[in-house]
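One structure is given below, encoded as structure tokens.
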Amino acid sequence: MTVEAVVMELLPHRTFRVKLENESLVLAHPAGAMVRNFERVRPGDRVEVEIAPHDPTRGRITRLLDK
């Protein structure tokens, strides 16, 4: 499941706390293409997050929506 979210805070080991559209908080890490292209994610950025089907508290950031 892919949803839009806002990055709330930066955590250690390239992990981010993001707030989803439904106001729930999820821990997310950047996906492979974002890491390879050195895209910088900062608090306040809008991102697209894929939520893990087996654990709804984890996800991965697939792309930045707007800067």
Side-chain angles (χ1 to χ4, degrees):
M1 173 171 72
T2 304
V3 295
E4 290 185 15
V6 176
V7 177
M8 299 305 292
E9 66 179 304
L10 171 64
L11 301 171
H13 305 291
R14 293 193 53 111
T15 304
F16 300 91
R17 188 174 318 275
V18 298
K19 186 182 237 181
L20 304 180
E21 296 171 331
N22 62 0
E23 300 298 320
S24 61
L25 293 175
V26 173
L27 292 177
H29 63 276
M34 290 190 65
V35 174
R36 282 192 305 272
N37 295 324
F38 300 106
E39 290 189 38
R40 184 165 298 210
V41 179
R42 295 188 176 112
D45 286 347
R46 288 184 52 236
V47 294
E48 189 174 89
V49 178
E50 285 185 6
I51 303 299
H54 59 278
D55 186 4
T57 64
R58 293 292 198 153
R60 61 185 186 165
I61 300 171
T62 55
R63 67 183 179 124
L64 289 170
L65 292 178
D66 55 3
K67 289 192 175 192

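The figures that follow rest on heavy atoms only: side chains count, while hydrogens, waters and symmetry mates do not.
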Taking all atoms of both residues into account, what is the closest heavy-atom pair of Leu20 and Ala5, and its distance?
CD2-CB, 3.7 Å
Residues Val26 and Arg58: closest non-hydrogen pair is CG1-C, 3.7 Å
Hydrophobic cluster identity match, Met1 and Val49, side-chain contacts under 4.5 Å
yes
May I ask you to test the Phe16-Pro30 pair for a side-chain heavy-atom distance under 4.5 Å?
yes
Verdict with reasoning, Arg14 to His29, per side-chain contact (heavy atoms from CB on, under 4.5 Å):
CA-CA 6 Å; Arg14 293 193 53 111; His29 63 276; 5.9 Å; no
Distance from Glu9 atom CD to Lys19 atom NZ, nearest 0.5 Å?
11.5 Å
Looking at side-chain heavy atoms only, is the closest gap between Met8 and Val18 below 4.5 Å?
no
Can you check whether Leu11 reaches His13 side chain to side chain, under 4.5 Å on heavy atoms?
no
Enter the distance from Arg63:CZ to Thr2:OG1 here, rounded to the nearest 0.5 Å.
9.5 Å
Measure across Leu25 and Arg17 and return the closest heavy-atom pair with its distance rounded to 0.1 Å.
CD1-CD, 4.1 Å
Are Glu48 and Leu65 packed together at the side-chain level, in the sense that at least one heavy-atom pair is separated by less than 4.5 angstrom?
yes
Flag yes if Leu10 and Val7 sit in one hydrophobic cluster, no otherwise; membership is Ile, Leu, Val, Met, Phe, Trp, Tyr, and two members link when side-chain heavy atoms are under 4.5 Å apart.
yes
Heavy-atom distance under 4.5 Å between the side chains of Leu64 and Val47, does that happen here?
yes
Could you go through the side-chain contact (heavy atoms from CB on, under 4.5 Å) check for Ile61 and Glu39 one step at a time?
CA-CA 11 Å; Ile61 300 171; Glu39 290 189 38; over 6 Å; no
Is the shortest heavy-atom distance from the side chain of Asn22 to the side chain of Val3 under 4.5 Å?
no
